[in-house]
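Accompanying notes for the structure given below.
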Number of protein chains: 2
Amino acid sequence: MEIPQLPKGYTKDELIEPRTKLSESNLKSMLRSMNLKVTNQRLSILKALNKGPKSHVTAKDVFESIRSDYPHIGFATVYRFLKETSRFGITSELRIGHAPARYELKVREHHHHIVCTQCGKIVEFQNEIIERQIKKISKDHQFFLEHHIFELYGRCNRSSCK
Amino acid sequence: MEIPQLPKGYTKDELIEPRTKLSESNLKSMLRSMNLKVTNQRLSILKALNKGPKSHVTAKDVFESIRSDYPHIGFATVYRFLKETSRFGITSELRIGHAPARYELKVREHHHHIVCTQCGKIVEFQNEIIERQIKKISKDHQFFLEHHIFELYGRCNRSSCK
DNA sequence: ATAAAAATGACAATCATTCTCATTAGGCTT
DNA sequence: AAGCCTAATGAGAATGATTGTCATTTTTAT
């Protein structure tokens with residue numbers, strides 16, 4: 001029995017619920033709390049992460065969505081900043097198969113993803129039991145836990161995905 | 001509070017317990033069960049995955065470990081085959097940060113990893129409670145589950161890692 | 001306003017992974 | 001055992017995401 005591969009990219013038309021919008025001053029204080037200077041480019045990147053409809057965006061998505069405001073923005077700037085925010089835990093980086101990394105703002109509750117390997121739909125979920133087990137496991141192995149990745153892959157219930 | 005990044009590569013000196021060796025005929029029947037032709041290159045790749053001391057190896061590791069037998073082996077062959085085996089569920093692919101993908105033979109019980117972000121040590125663990133929750137979650141969301149990724153990252157208890 | 005430090009952006013470089021395609025080898029059939 | 005069909009290999013180029021470099025610009029503390 002052959003296990004199907006993830007599609008190269010996500011479909012563009014699968015939306016998940018847009019997340020809460022953060023105000024500009026929220027975004028600014030995020031930056032200050034990281035001891036990072038407040039620049040318009042960075043605010044734009046944060047806004048691009050924060051605005052719907054897609055909540056899990058690639059560096060390229062961000063790049064393209066702020067190009068209208070900053071025609072000279074470089075990929076380096078986008079990548080550098082996404083990496084910085086993920087180091088600080090402001091964003092999280094989703095790595096799925098060999099597709100480009102996707103980033104999301106961690107403004108919502110801690111959650112995980114279940115991804116449809118056919119249509120690319122992403123659904124978020126939380127599970128307290130699993131979180132408790134994670135704490136237990138790291139304690140048992142004497143690890144000081146920094147972060148974790150937990151992603152489920154399968155086929156959603158759309159007829160075209162079965 | 002800044003969350004440290006994973007080191008670019010794993011340290012080479014952290015060993016985890018070598019896994020059970022598979023006989024050549026085991027490996028051959030693995031290939032036959034996938035309807036893949038039995039070639040010496042493929043057997044070598046499987047052996048490279050199966051032999052210790054590292055159980056989580058990159059395509060490059062494999063490439064280098066079989067170069068003595070096949071000086072003309074190409075990366076395409078290695079990647080192609082690793083991808084194939086992972087599609088068939090014979091190997092699993094570990095993607096950690098932006099480091100190259102690591103592969104392991106799925107000859108042992110299903111398990112997950114806890115990875116030290118300082119020294120690269122990888123410890124395997126199992127957790128029945130989590131597995132049950134995974135089944136529940138996919139049922140709740142009406143997903144037919146194909147596979148899942150679950151990796152914990154932190155610092156192990158070695159003094160140099162704290 | 002000014003200086004020090006950090007951020008930006010143009011562009012090149014890196015490097016893992018994939019593609020192409022001519023050649024070779026595996027595993028049937030006879 | 002020879003031949004055929006098809007899959008597998010490997011040489012090399014191509015791709016594409018990500019990172020590095022460094023001169024220039026911007027931010028922010030003073």
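In what follows, chains carry the letters A, B, and so on, assigned in the order in which the sequence lines appear, proteins first and then strands, with residues in each chain numbered from 1. Keep in mind that what you see is a predicted model, and the values were worked out from it rather than measured.
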### Query
Taking five pairs at each end, how big is the angle between the two axes of the helix from C:dA1-D:dT30 to C:dT30-D:dA1, to 10°?
40°
### Task
Measure from the side-chain heavy atoms of B:A76 and tell me the nearest of D:dT21, C:dC19, C:dA5.
C:dC19
### Message
Whole angstroms only, please: what is the CG-C1' distance between B:N40 and D:dA8?
### Response
12 Å
### Message
Could you check whether any side-chain heavy atom of B:L43 comes within less than 4.5 Å of a side-chain heavy atom of B:V38, counting everything from C-beta outward?
### Response
yes
### Message
Looking at the base of C:dG9, is there any donor atom on it, or on the side chain of A:R80, that sits under 3.5 Å from an acceptor on the other one?
### Response
yes
#### Entry: Which atom of B:F143 lies closest to which atom of A:C156, heavy atoms considered
CZ-CB, 3.6 Å
### Message
Rounded to whole Å, how long is the line connecting atom CZ of A:F81 with atom C1' of C:dG9?
### Response
16 Å
#### Entry: Whichever of B:E93 and B:V38 has its nearest DNA chain C nucleotide further upstream toward 5'
B:E93
### Query
Nearest-Å distance, OH (A:Y70) to C1' (C:dA10)?
18 Å
### Message
From NZ of B:K83 over to P of D:dA8, roughly how many Å is that when rounded to an integer?
### Response
14 Å
### Message
Would you say B:T77 places a side-chain N or O within less than 4.0 Å of OP1 or OP2 belonging to D:dG10?
### Response
yes
Heteroatom pairs (N/O) under 3.5 angstrom, protein to nucleotides 12-16 of chain C:
none

#### Entry: Any donor-acceptor pair under 3.5 Å from B:R42 side chain to B:F81 backbone
no
### Task
Using atom NZ of A:K37 as one end and atom C1' of C:dT8 as the other, report the distance to the nearest whole Å.
12 Å
### Query
Given atom CD of A:E84 and atom C1' of C:dA7, what is their separation to the nearest angstrom?
9 Å
### Salt-bridge criterion met for B:E24 and B:K47 (N-O under 4.0 Å)
yes
### Query
Do the non-hydrogen side-chain atoms of B:H111 and B:E104 ever get within less than 4.5 Å of each other?
yes
### Query
Phosphate oxygens OP1/OP2 of D:dA17: is one of them under 4.0 Å from a side-chain N or O of A:T58?
no
### Message
Counting the atoms with a prime plus P, OP1 and OP2 as sugar-phosphate, which does B:R42 contact under 4.0 Å by heavy atoms, base, sugar-phosphate, or nothing?
### Response
sugar-phosphate
### Message
If the cut-off is 4.0 Å, is A:Q41 near the phosphate of D:dT26, judged by side-chain N/O to OP1 or OP2?
### Response
no
### Task
Please tell me which of the listed nucleotides, C:dG27, D:dA8, D:dA11, lies nearest to the side chain of B:L36?
D:dA8
### Task
Take atom CG of B:N35 and atom C1' of C:dC28, then tell me their distance rounded to the nearest Å.
14 Å
### Query
With respect to the side chain of A:H72, which nucleotide from D:dA8, C:dT8, C:dA10 is positioned closest?
C:dA10
### Query
B:D140 side chain to B:I137 main-chain N or O, any donor-acceptor pair under 3.5 Å?
no
### Query
Can you check whether A:H56's main-chain N or O pairs, donor with acceptor, with A:R102's side chain at less than 3.5 Å?
yes
### Message
When you compare the side chain of B:E131 with that of B:H148, does any pair of heavy atoms fall below 4.5 Å?
### Response
yes
### Task
Take atom CD1 of A:I66 and atom C1' of C:dG9, then tell me their distance rounded to the nearest Å.
12 Å
### Task
Check for a donor-acceptor pair, side chain of A:N26 on one end and backbone N or O of A:S23 on the other, with a separation under 3.5 Å.
yes
### Query
Ignoring hydrogens and geometry, is there a side-chain-to-backbone donor-acceptor pair from B:T91 to B:S86 under 3.5 Å?
yes
